[in-house]
Participant: 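Mind having a look at this structure? Questions to follow.
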There are 2 protein chains.
Amino acid sequence: MFDRINTYIIRHTNLTVEELAYFNSVLQYKTFPKKTILLHEGEVCNFEAFINKGCIRMYYIDENGFEVTLQFAIEDWWVSDIASFHDQKPSAMFIETLEECELLILSPQTKESLLARVPQLERMFRILVQRNLSSLQGRLFKTIATSAQDKYLDFIKRYPTIPQRVPQHYIASYLGISAEFLSKVRTKLSKK
Amino acid sequence: MFDRINTYIIRHTNLTVEELAYFNSVLQYKTFPKKTILLHEGEVCNFEAFINKGCIRMYYIDENGFEVTLQFAIEDWWVSDIASFHDQKPSAMFIETLEECELLILSPQTKESLLARVPQLERMFRILVQRNLSSLQGRLFKTIATSAQDKYLDFIKRYPTIPQRVPQHYIASYLGISAEFLSKVRTKLSKK
DNA sequence: TGTTTTTCTTGTCCTAGTTCAATGCCAGTC
DNA sequence: GACTGGCATTGAACTAGGACAAGAAAAACA
């Protein structure tokens with residue numbers, strides 16, 4: 001049950017055996033069926049979850065019902081609306097399972113006490129957020145500066161396993177293009 | 001010289017007087033003229049700087065010379081390519097002063113030893129990055145989901161002082177629209 | 001002060017991507 | 001094994017915004 005996350009932790013920290021055991025002891029293991037909404041817009045996000053198995057999507061919806069996928073997350077990723085989680089304020093996004101999921105969950109309280117007891121994790125979480133920030137910066141750049149086709153090619157290169165796991169129109173909403181146009185881009189590419 | 005940053009630190013932490021004094025002692029104060037490039041694409045970013053005075057722009061340039069402004073930063077902001085700074089790897093972005101600037105600078109080494117000596121700052125920097133991440137998420141959403149006009153209106157609402165300080169075509173490149181089109185949006189708005 | 005450089009505006013034409021609507025295509029599921 | 005509801009594809013008509021060019025205005029500079 002903790003194999004996957006422990007491998008992850010060992011790669012990113014040098015916790016002692018005791019610390020690791022303590023870490024495991026505060027995690028809450030939970031499974032969710034496909035298409036479960038874990039976080040609704042307007043709710044406070046009370047989890048930071050490590051994906052042991054499954055696939056999750058984070059997205060925004062505007063007044064007109066227009067959807068933008070912020071992130072797909074699969075095994076070994078952490079998911080949370082970190083701002084909502086941390087400041088305990090209402091979230092602007094949705095988080096939804098796309099497959100049946102096994103998650104290892106931290107609540108704000110357990111994370112707090114975990115960080116107090118194992119300060120080294122403070123660093124790990126900071127680095128995690130930094131990586132996230134940096135890749136989001138790069139993505140914003142690409143979103144603005146490159147064509148639909150290039151964004152799509154870049155996407156399948158960066159996340160080669162995602163297209164097999166999620167419906168194509170979600171990928172379109174990640175790239176910031178319409179589902180129809182993504183389809184047209186794909187047929188054009190396949191003709192080459 | 002340290003008034004501004006100390007006010008900032010006091011608001012975000014509860015350092016002791018000694019810790020604060022130590023923090024001040026490791027900061028390097030430097031001034032730069034307008035239009036100085038502080039970080040060039042391809043270089044390793046060796047600073048994390050608090051802006052005591054001035055205005056700075058972070059941006060990307062693609063192969064065709066197309067520019068995207070990632071961020072404007074003014075007094076009380078920290079600027080750095082955090083991924084490059086932290087991992088000591090080449091940056092993909094430029095950082096440039098738009099006005100004469102007074103900066104308080106941390107090098108990777110001083111930041112490292114600072115965090116070791118004042119662990120509370122680890123938390124402050126993590127929160128800083130989290131805020132950054134969260135606002136970038138919101139921005140990506142708006143970039144994809146809203147019209148040029150709405151993006152511009154949102155921008156001047158969020159950053160009311162920036163338009164007086166930076167050329168308009170940089171704002172266009174922040175919004176992801178052409179300078180010409182921003183001009184057209186503005187004349188249309190002023191006619192109403 | 002005049003000169004040079006940078007920034008801003010305006011118009012025309014153009015295109016990448018959207019919207020809408022129709023059709024076909026599975027994968028469940030009763 | 002027929003029926004359903006989500007997905008994907010395709011086409012036609014449309015539009016937000018881009019590219020280019022040329023001038024006006026405003027800063028910077030000496």
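Computed over heavy atoms, backbone and side chain alike; hydrogens, waters and symmetry mates excluded.
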Participant: Are Phe141(A) and Leu70(A) grouped together when hydrophobic residues (ILVMFWY) are joined by side-chain heavy atoms under 4.5 angstrom apart?
Facilitator: yes
Participant: Could you check whether any side-chain heavy atom of Ile171(A) comes within less than 4.5 Å of a side-chain heavy atom of Phe155(A), counting everything from C-beta outward?
Facilitator: yes
Participant: Between Phe66(B), Phe94(B), Phe72(B), which is the residue that forms a ring pair (Phe, Tyr, Trp, His ring centres under 6.0 Å) with Tyr59(B)?
Facilitator: Phe94(B)
Participant: Please say whether the positively charged group of Lys151(B), taken as NZ for Lys or CZ for Arg, lies over the ring of Tyr174(B), i.e. under 6.0 angstrom from the six-membered ring centre and within 45 degrees of the axis.
Facilitator: no
Participant: Can a donor-acceptor pair be found, under 3.5 Å and without considering hydrogens, that links the side chain of Ser91(A) to the backbone of Met93(A)?
Facilitator: yes
Participant: Quick check with a 6.0 Å cut-off and a 45 degree axis cone: is Arg4(A) positioned over the face of Phe50(A)'s six-membered ring?
Facilitator: no
Participant: How many angstroms lie between atom CD of Glu48(A) and atom CG of Leu128(A), to the nearest 0.5 angstrom?
Facilitator: 7.0 Å
Participant: Among Arg165(B), Lys34(B), Lys35(B), exactly one meets side-chain hydrogen bond (donor to acceptor under 3.5 Å, both in side chains) together with Glu99(B). Which residue is that?
Facilitator: Arg165(B)
Participant: Taking 5' to 3' order, which nucleotide of DNA chain D is first and which is last to have an atom within less than 4.0 Å of a heavy atom in chain A?
Facilitator: dC7(D) to dA12(D)
Participant: Quick one, give me the B/S/- string for nucleotides 18-24 of chain C, reading 5' to 3', where B means a protein heavy atom under 4.0 Å from the base and S means that only happens at the primed atoms, P, OP1 or OP2.
Facilitator: BBB----
Participant: For Tyr170(B), does the six-membered ring have the charged nitrogen or CZ of Arg57(B) within the cation-pi criterion, i.e. under 6.0 angstrom from the centroid and within 45° of the normal?
Facilitator: yes
Participant: So what does Lys151(B) hit on the nucleic acid, given a heavy-atom distance under 4.0 Å: a base, only sugar-phosphate, or nothing?
Facilitator: nothing
Participant: Assess the side chains of Arg186(B) and Gln168(B): does a donor N or O sit below 3.5 Å from an acceptor N or O?
Facilitator: yes
Participant: Dump every N/O contact between nucleotides 3-8 of chain C and the protein below 3.5 Å, one line per pair.
Facilitator:
residue: dC8(C); atom: OP1; partner: Gln168(B); partner atom: N; Å: 2.9
residue: dC8(C); atom: OP2; partner: Gln168(B); partner atom: N; Å: 2.9
residue: dC8(C); atom: OP2; partner: His169(B); partner atom: N; Å: 3.2
residue: dC8(C); atom: OP2; partner: His169(B); partner atom: ND1; Å: 3.4

